[in-house]
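Read through the structure below, which is laid out as structure tokens, and then see the notes.
Bear in mind that the values here come from a model prediction, so they are computed numbers and not experimental data. Here is the naming used below: chain letters follow the sequence lines, and residue numbers restart at 1 for every chain.
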There are 2 protein chains.
Amino acid sequence: MSTSSGTSLPIYLDNAASTPILDEVIREMLPYFKEYYGNPSSLHSFGRVTMRAIESARARVSSLIGCRRHEIIFTSGGTEANNLAIKGIAELARKSNPKKNCIITSVIDHESVLEAFRDLEKKGFDVSYLPVTREAQIETADLKRTIIDDRTALVSIMFSNNEVGTIQPIRELATITHQKGGLFHTDAVQAVGKMPIDVKDLGVDLLSASSHKINGPKGVGALYKREGLKLAAIIHGGGQESTLRSGTENVHGIVGFGKACEIAAQRLVSYETEIRALRDYLIDRVLYEIPNSRLNCFTQKRIANIAHFTFFGVNGEDLIIKLDELGIAASTGSACSLRHRRPSHVLKAMGFSYAELTGSLRLSIGILNTKQEIDQAVSILSQALEELRKISPFKLEADEQN
Amino acid sequence: MSTSSGTSLPIYLDNAASTPILDEVIREMLPYFKEYYGNPSSLHSFGRVTMRAIESARARVSSLIGCRRHEIIFTSGGTEANNLAIKGIAELARKSNPKKNCIITSVIDHESVLEAFRDLEKKGFDVSYLPVTREAQIETADLKRTIIDDRTALVSIMFSNNEVGTIQPIRELATITHQKGGLFHTDAVQAVGKMPIDVKDLGVDLLSASSHKINGPKGVGALYKREGLKLAAIIHGGGQESTLRSGTENVHGIVGFGKACEIAAQRLVSYETEIRALRDYLIDRVLYEIPNSRLNCFTQKRIANIAHFTFFGVNGEDLIIKLDELGIAASTGSACSLRHRRPSHVLKAMGFSYAELTGSLRLSIGILNTKQEIDQAVSILSQALEELRKISPFKLEADEQN
């Protein structure tokens with residue numbers, strides 16, 4: 001396996017699941033393994049240099065999303081950031097006012113949000129899940145209908161969906177939430193670094209980001225928390241990250257995340273145009289050249305790097321495995337739900353039929369992918385589908401669909 | 001700064017706070033940055049190769065502490081492992097039986113244990129803190145006196161202390177706990193990889209370990225959880241780590257931790273003899289050559305790499321800063337408590353007077369330190385103390401002490 005461009009296989013088109021770390025990011029991380037290995041809490045120079053590195057990374061992350069340095073809390077990843085935001089707010093809200101017992105999310109939010117909500121539901125919170133349209137869009141009217149009084153502690157809605165890419169009307173949803181005295185969190189793991197995001201302009205109270213989705217290392221993420229907002233920690237100890245996230249800091253991870261954010265900030269405009277062009281080129285070729293194929297989620301309000309298809313007459317998992325054999329890394333949906341071999345909760349919520357759901361494929365483009373790779377991928381995909389459809393038990397069903 | 005041996009400054013003697021990553025460990029991690037960057041939950045080869053790497057690391061970690069592979073849960077570090085063990089057990093125990101409301105730890109446990117206990121105390125748990133002797137030893141009789149009936153859900157006692165190094169009678173404490181129907185957790189972050197540990201032989205139900213204390217990367221740790229034992233997660237989401245710790249795995253971190261464990265296992269016997277010899281050589285020279293110095297914690301039951309002194313007539317923090325200027329990285333106690341500029345809760349619990357506490361210094365030796373470095377460190381320490389004592393406001397007090 002290699003990240004090289006050109007024609008060498010395999011071709012990695014699963015960048016929404018994880019991304020290769022950029023050389024510049026690795027270069028920046030390496031000194032923190034062997035040279036600057038001090039504990040940032042230590043008073044000596046080994047400690048001071050790592051603490052400075054963390055603060056420099058914090059500045060880079062905050063700069064990417066338009067907040068102040070001290071509004072960034074480093075975590076072990078997007079999942080922890082979501083858990084911290086949701087549990088941290090819910091617990092404090094109910095403690096200060098037992099009536100503030102309602103929390104709201106959507107049916108298509110990420111597992112890390114949904115499972116945090118289920119945990120709180122078991123602990124007595126009143127939980128609501130907003131529906132979505134066929135395009136995975138949340139309607140502001142649905143939030144207005146749901147958030148009827150001031151008992152809502154928190155609304156948590158993902159910025160852009162990890163499976164189909166739909167972008168939600170975050171500013172409007174945050175405004176509605178604030179009008180009813182609630183706080184607003186957004187899981188922006190799939191959006192940060194891929195489009196301009198300004199937390200102040202959006203008016204969100206909390207926002208989650210992840211490093212390994214933007215060519216930084218795994219094991220590190222961040223929660224933006226608006227200045228002055230009170231939050232309960234979920235991991236207690238030595239008091240790192242302003243007591244909100246204890247534990248010796250993952251210094252090299254944080255440094256790498258900071259560098260990845262800096263790079264993302266520099267190429268934010270070109271990212272959107274270039275990746276979108278590549279993605280749309282892929283879509284055009286697939287729809288034109290591959291029979292019985294359909295693009296899911298046509299909306300313009302979607303993130304630049306995701307293309308989600310249904311190929312009728314095949315099983316998505318079989319397709320993934322066949323593509324893997326032929327040299328393409330892809331996904332049916334989120335990596336997490338693959339683990340459980342569960343049909344995608346997102347596609348189900350979008351109202352997909354069994355046949356639509358079964359043949360689904362997500363291709364997500366990254367900054368290292370080339371047009372040549374896309375060309376090659378379309379040929380391979382075409383070949384894979386031809387082979388699978390010959391032997392697929394879904395064949396009849398597919399024919400019925402078309 | 002450099003990790004090189006020989007006479008090049010500075011000399012890093014703060015290995016209980018954090019350690020340099022070994023070259024072999026870095027080499028093993030690097031491919032997971034640029035080549036094997038898949039999400040372990042993905043079905044394609046990029047995913048499978050990272051999943052296999054995690055399982056191979058899990059085997060190495062489990063092998064070091066004598067458990068089975070599936071009894072290891074990877075976390076973001078020792079602090080999270082402690083929080084998961086303590087909160088995860090306490091929450092479930094009280095849910096299954098509201099009477100099981102008592103939890104016990106010691107006054108000298110790590111902040112990540114103590115703060116998790118304080119959090120549970122706020123949530124209505126009945127918390128007890130076992131005292132220690134002047135040598136930081138917990139007496140089994142104190143646990144017997146405290147754990148009077150079957151209402152105790154969990155006892156959590158650290159394996160070896162991070163400031164003074166005392167090793168606790170874990171097997172006996174676990175037995176007493178089990179006799180009363182409680183579960184036993186030990187924070188072994190300062191002991192794993194530094195002495196033989198067999199969780200089955202010890203009879204503990206849960207044990208925490210950390211990577212960056214044994215020349216592995218920061219940002220990763222593990223919790224041993226006995227097979228069959230039920231635990232509630234504190235971070236929910238995609239269901240990684242058998243649903244007990246969700247979030248995309250920190251693959252390179254886990255791989256590095258695995259390698260660090262393998263290396264530690266190979267050199268476990270030599271570590272103890274060599275590091276202890278170096279440590280005792282340091283102690284002998286310090287006590288012989290530096291006036292008004294005292295070794296704290298004489299007990300044989302202490303970890304091989306820590307030497308804890310009091311130098312009367314100086315302030316420990318001033319000493320750290322002076323040593324840093326002269327090229328030695330050291331600590332007064334734990335890095336975490338330094339952050340808060342609080343006097344050490346461990347030394348206070350050991351009954352230290354103000355003068356004893358004030359002049360304290362922890363030197364912790366690592367596998368990269370050399371005898372030459374120790375020699376140089378003693379000279380520098382001697383010089384630093386001489387300079388500080390000339391100008392110290394603690395001078396009189398020091399004279400009184402001797």
Side-chain angles (χ1 to χ4, degrees), chain A residues 1-3 10 12 14 17-21 26 33-39 41-47 49 76-77 79-80 82-83 111-112 115-116 118-119 212 217-220 234-239 246-253 317 320-321 324 329-331 335-336 338-340, chain B residues 1-3 10 12 14 17-21 26 33-39 41-47 76-77 79-80 82-83 110-112 115-116 118-119 212 217-220 234-239 246-253 317 320-321 324 329-331 335-336 338-340:
Chain A
M1 279 184 284
S2 108
T3 64
Y12 188 76
D14 200 12
S18 199
T19 55
I21 311 186
I26 299 175
F33 288 153
K34 278 191 66 177
E35 291 169 69
Y36 311 132
Y37 50 79
N39 187 318
S41 297
S42 295
L43 285 180
H44 46 66
S45 57
F46 286 85
V49 72
S76 68
T79 288
E80 187 190 328
N82 285 340
N83 274 261
E111 290 291 348
S112 55
E115 290 295 328
R118 285 178 200 125
D119 183 59
H212 78 105
K218 294 180 177 65
V220 57
I234 56 175
I235 295 178
H236 296 84
S246 289
T248 300
E249 297 89 340
N250 178 358
V251 179
H252 67 266
E317 269 194 38
I320 300 301
I321 290 160
D324 186 43
S331 176
C336 297
L338 279 176
R339 170 187 298 272
H340 308 292
Chain B
M1 280 182 283
S2 111
T3 64
Y12 188 75
D14 200 12
S18 199
T19 56
I21 311 187
I26 298 174
F33 288 152
K34 277 192 67 177
E35 291 168 69
Y36 311 131
Y37 49 79
N39 187 318
S41 297
S42 295
L43 285 180
H44 47 65
S45 57
F46 286 86
S76 70
T79 288
E80 188 190 327
N82 285 338
N83 274 261
H110 188 260
E111 290 291 348
S112 56
E115 289 296 329
R118 282 177 203 130
D119 183 58
H212 78 105
K218 293 181 177 64
V220 58
I234 56 175
I235 295 178
H236 296 84
S246 290
T248 300
E249 297 89 340
N250 178 357
V251 179
H252 67 265
E317 268 192 40
I320 299 301
I321 290 159
D324 185 45
S331 176
C336 298
L338 278 176
R339 171 187 297 271
H340 308 291

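Between B:Phe33 and A:Phe33, the angle of the ring planes stays under 30°, which puts this pair in the parallel group of the 30/60° scheme.
Taking chain A as the reference chain and counting heavy-atom pairs below 4.5 Å, the highest number among B:Pro217, B:Ala329, B:Gly253, B:Gly47 is found for B:Ala329. Chain A forms the most heavy-atom pairs under 4.5 Å with one residue out of B:Gly38, B:Gly77, B:Ala116, and that residue is B:Gly38. Contacts with chain A were tallied for B:Thr19, B:Thr79, B:Asn83, B:Asn82; B:Asn83 has the most, counting heavy-atom pairs under 4.5 Å.
A heavy-atom distance below 4.5 Å is not found between the side chains of B:Leu43 and A:Asp324. Side-chain atoms of A:Glu111 and B:Ser246, non-hydrogen and from C-beta on, never get closer than 4.5 Å to each other. Contact annotation: the side chain of B:Ile235 approaches that of A:Ile234 to within less than 4.5 Å [non-hydrogen atoms, C-beta and beyond]. Residues A:Phe46 and B:Pro10 meet the side-chain proximity criterion, which asks for heavy atoms closer than 4.5 Å.
Closest of all the heavy-atom pairs between B:Glu115 and A:His236 is CB-CB, 3.6 Å. Taking each heavy atom of B:Ser42 and A:Asp14 in turn, the nearest pair found is OG-OD2, 3.2 Å. Residues B:Lys218 and A:Glu249 come closest through the heavy atom pair CD-O, 3.3 Å.
Looking at B:Asn250, both its backbone and its side chain come within 4.5 Å of chain A, counting heavy atoms on both sides.
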**Study point:** Verdict with reasoning, B:Tyr37 to A:His212, per side chain to side chain contact (heavy atoms under 4.5 Å, CB included)
**Key:** CA-CA 9 Å; B:Tyr37 49 79; A:His212 78 105; over 6 Å; no

